Amino acid sequence: MTHHIHRPKIALVGSGQIGGNLALLLGQKQLGDIFLLDIPDLEGIAKGKALDIAQMTPIQDFDVKLAGTSRWEDVRGADVVVITAGRPRKPGMSRDELLDVNVKIMKDVAANVKTYCPDAFTVVISNPLDAMVYAFYKITGFGHHQVVGMAGVLDSGRFRYFVAEKLGVSVEDVNAFVLGGHGDDMVPIVPYCSVGGIPLAQLMKQEEIDQIVDRTRKAGGEIVALYKTGSAYYSPAAAAVQMVESYLRDKKRVLPAAAWLQGEYGLKEMFVGVPVIIGAHGIERVLQVELSAADQEALKKSAARVKELCGEVDKRLA
Ligand code: APR
């Protein structure tokens, strides 16, 4: 008998709305055994969600183990860590306004991930996204292939949905890329949006495209305004699952994500949404694509805002 067969271990830090949906979706895809972690006061939520989903495994035929905990020891050696620890937005709040409280949380979380899961591929979801993934990277000192922020897959998913809805076509046939920071100045790259391979501009009037770009930028806020008690959770969870799957199954998917930049797109020493390849080595490559002058300018502007927030993070980590 061989004894080297390894079931991937996935640690979900934060067992709130996104954490619970991550457990469900990762479980249904049988990507690994799942550990929901939360603070001691909410250990019951972590354990309850794990047990609830475990009890659906025989019904839906997915063979994974699920557990809830507040002890980092239990997630020791995780292969993948997904971080949603932090406060979500409330109506009228920007993602940036979460910085103070969420950096404090990230200090605790990142130190623990560093100690207990030093080899994990880590996906950060907590907002303000680009600043939180930066804080995580700075605190852990992890390799840049190992750390990524989830935003672009979600923002592109929103864009794709709006286009498909408007044109009355399958969402499967709509391709899109949204780059830049995960804020209202994100940059949907319209020339690379296509429907069944046909450039979007051939199928839609500029005015309609502009409306979709605008709605995409504000899509997170649209949901916050509806929920009133928090922010989106199904779609962010699904977006992170796509990234985790590409890593664990070495799919090498081309996805927009917040990656550490070292001069690509003229940007340096920050995480900003760009097209990357995710495979068994983590962030295997940052793809540099040609951008129009207007898109370049918009990306620069979005990145400048991210840089400012990283400065705020640096002050809080000093
Ligand atoms: N360690 C572990 N878990 C923590 C910690 C910590 N130090 N601090 C907070 N948490 C947990 C909270 O107890 C809560 O259960 O993180 C969870 C966050 O869950 P929700 O409040 O339901 O928020 P959610 O909707 O999942 O969003 C989480 O992702 O999209 C972003 O803006 C959003 O920053 C927010 C994050």
Side-chain angles (χ1 to χ4, degrees), residues 11-26 35-50 67-75 78 81-117 122-136 139-140 148-155 157-158 181-184 186 219-241 243 257-258 273 309 313:
L12 306 178
V13 183
S15 306
Q17 300 283 27
I18 301 178
N21 282 294
L22 280 168
L24 175 61
L25 295 171
L26 291 164
F35 291 77
L36 283 147
L37 184 142
D38 213 295
I39 54 174
D41 279 354
L42 294 183
E43 191 182 44
I45 297 286
K47 285 191 186 306
K49 287 188 180 183
T69 185
S70 65
R71 291 164 14 121
W72 280 91
E73 182 58 41
D74 292 337
V75 301
V81 173
V82 185
I83 301 175
T84 63
R87 294 268 175 79
R89 283 198 278 170
K90 294 277 161 62
M93 241 180 152
S94 74
R95 292 183 182 88
D96 298 356
E97 288 173 277
L98 296 170
L99 186 84
D100 238 353
V101 50
N102 284 355
V103 167
K104 280 191 195 121
I105 293 173
M106 186 53 91
K107 277 189 186 174
D108 164 55
V109 167
N112 279 306
V113 175
K114 183 179 178 172
T115 305
Y116 292 95
C117 319
T122 308
V123 182
V124 176
I125 303 183
S126 316
N127 272 315
L129 188 272
D130 312 273
M132 294 299 280
V133 63
Y134 174 83
F136 177 85
I139 298 165
T140 56
V148 68
M150 187 296 294
V153 175
L154 170 61
D155 296 328
R158 287 170 168 162
H182 187 47
D184 293 351
M186 64 181 74
E222 185 177 351
I223 293 196
V224 172
L226 290 166
Y227 282 168
K228 298 196 175 70
T229 52
S231 47
Y233 41 93
Y234 296 113
S235 49
V241 168
M243 296 164 72
L309 280 184
V313 170

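Below, each value reflects all heavy atoms present in this structure, side chains not excepted, and no hydrogens, waters or symmetry copies. Note that the structure is a prediction, hence the values are computed from the model and not measured. In listed order, ligands and their atoms are each counted from 1. Positions are given from 1 along the sequence.
- Counting heavy atoms closer than 4.0 Å to ligand 1, residue Asp38 contributes atoms from both its backbone and its side chain.
- Protein heavy atom in closest approach to atom 21 (O) of ligand 1: Pro88 CD, 3.5 Å.
- The distance from the CG atom of Leu129 to the CE atom of Met186 is 10.0 Å, given to the nearest 0.5 Å.
- Separation of atoms CE (Met150) and CD1 (Ile83) is listed at 13.0 Å; rounding is to 0.5 Å.
- Leu22 CG to Leu12 CG: the interatomic distance, rounded to the nearest 0.5 Å, is 5.5 Å.
- Of the listed residues (Asp41, Ile18, Val13), the one carrying the non-hydrogen atom nearest atom 27 (O) of ligand 1 is Ile18.
- With contacts defined as side-chain heavy-atom distances shorter than 4.5 Å, the pair Val81/Val13 qualifies.
- Closest protein heavy atom to atom 6 (C) of ligand 1: Ile39 CG2, 3.5 Å.
- Contact check for Val75 versus Cys117: side-chain heavy atoms found under the 4.5 Å cut-off.
- For the pair Ser126 and ligand 1, a heavy-atom separation below 4.0 Å is found.
- Polar contact with ligand 1: present for Gln17 (N/O pair, distance under 3.5 Å).
- Nearest protein heavy-atom contact of atom 8 (N) of ligand 1 is Ile105 CG2, 3.4 Å.
- When each atom of ligand 1 is checked for a heavy atom of Asn102 under 4.0 Å away, the hits are 34 (O).
- Here Leu42 has side-chain heavy atoms under 4.0 Å from ligand 1, and that is the only part of it that gets that close.
- For Arg95, no heavy-atom contact with ligand 1 is shorter than 4.0 Å.
- For atom 19 (O) of ligand 1, the closest non-hydrogen atom on the protein side is Gly16 CA, 3.3 Å.
- Inter-residue side-chain proximity for Leu98 and Met93 is flagged as met; some heavy-atom pair is nearer than 4.5 Å.
- Asn127 ND2, 3.0 Å is the protein heavy atom nearest to atom 32 (O) of ligand 1.
- Between Val113 and Phe136 the shortest side-chain heavy-atom distance falls below 4.5 Å.
- Each of the following atoms of ligand 1 lies closer than 4.0 Å to a heavy atom of Asp108: 6 (C), 7 (N).
- For atom 36 (C) of ligand 1, the closest heavy atom belonging to the protein is Thr84 O, 3.3 Å.
- Distance check, rounded to the nearest 0.5 Å: CG of Asp184 to CZ of Arg95 gives 6.5 Å.
- Looking only at distances, no side-chain donor or acceptor of Asn127 sits under 3.5 Å from a matching main-chain atom of Pro88.
- Atom CG of Asn102 and atom CE of Met106 lie 8.0 Å apart (nearest 0.5 Å).
- The shortest contact between atom 18 (C) of ligand 1 and any protein heavy atom is with Gly86 O, 3.3 Å.
- When only non-hydrogen protein atoms are considered, atom 4 (C) of ligand 1 lies nearest to Ala85 CB, 3.6 Å.
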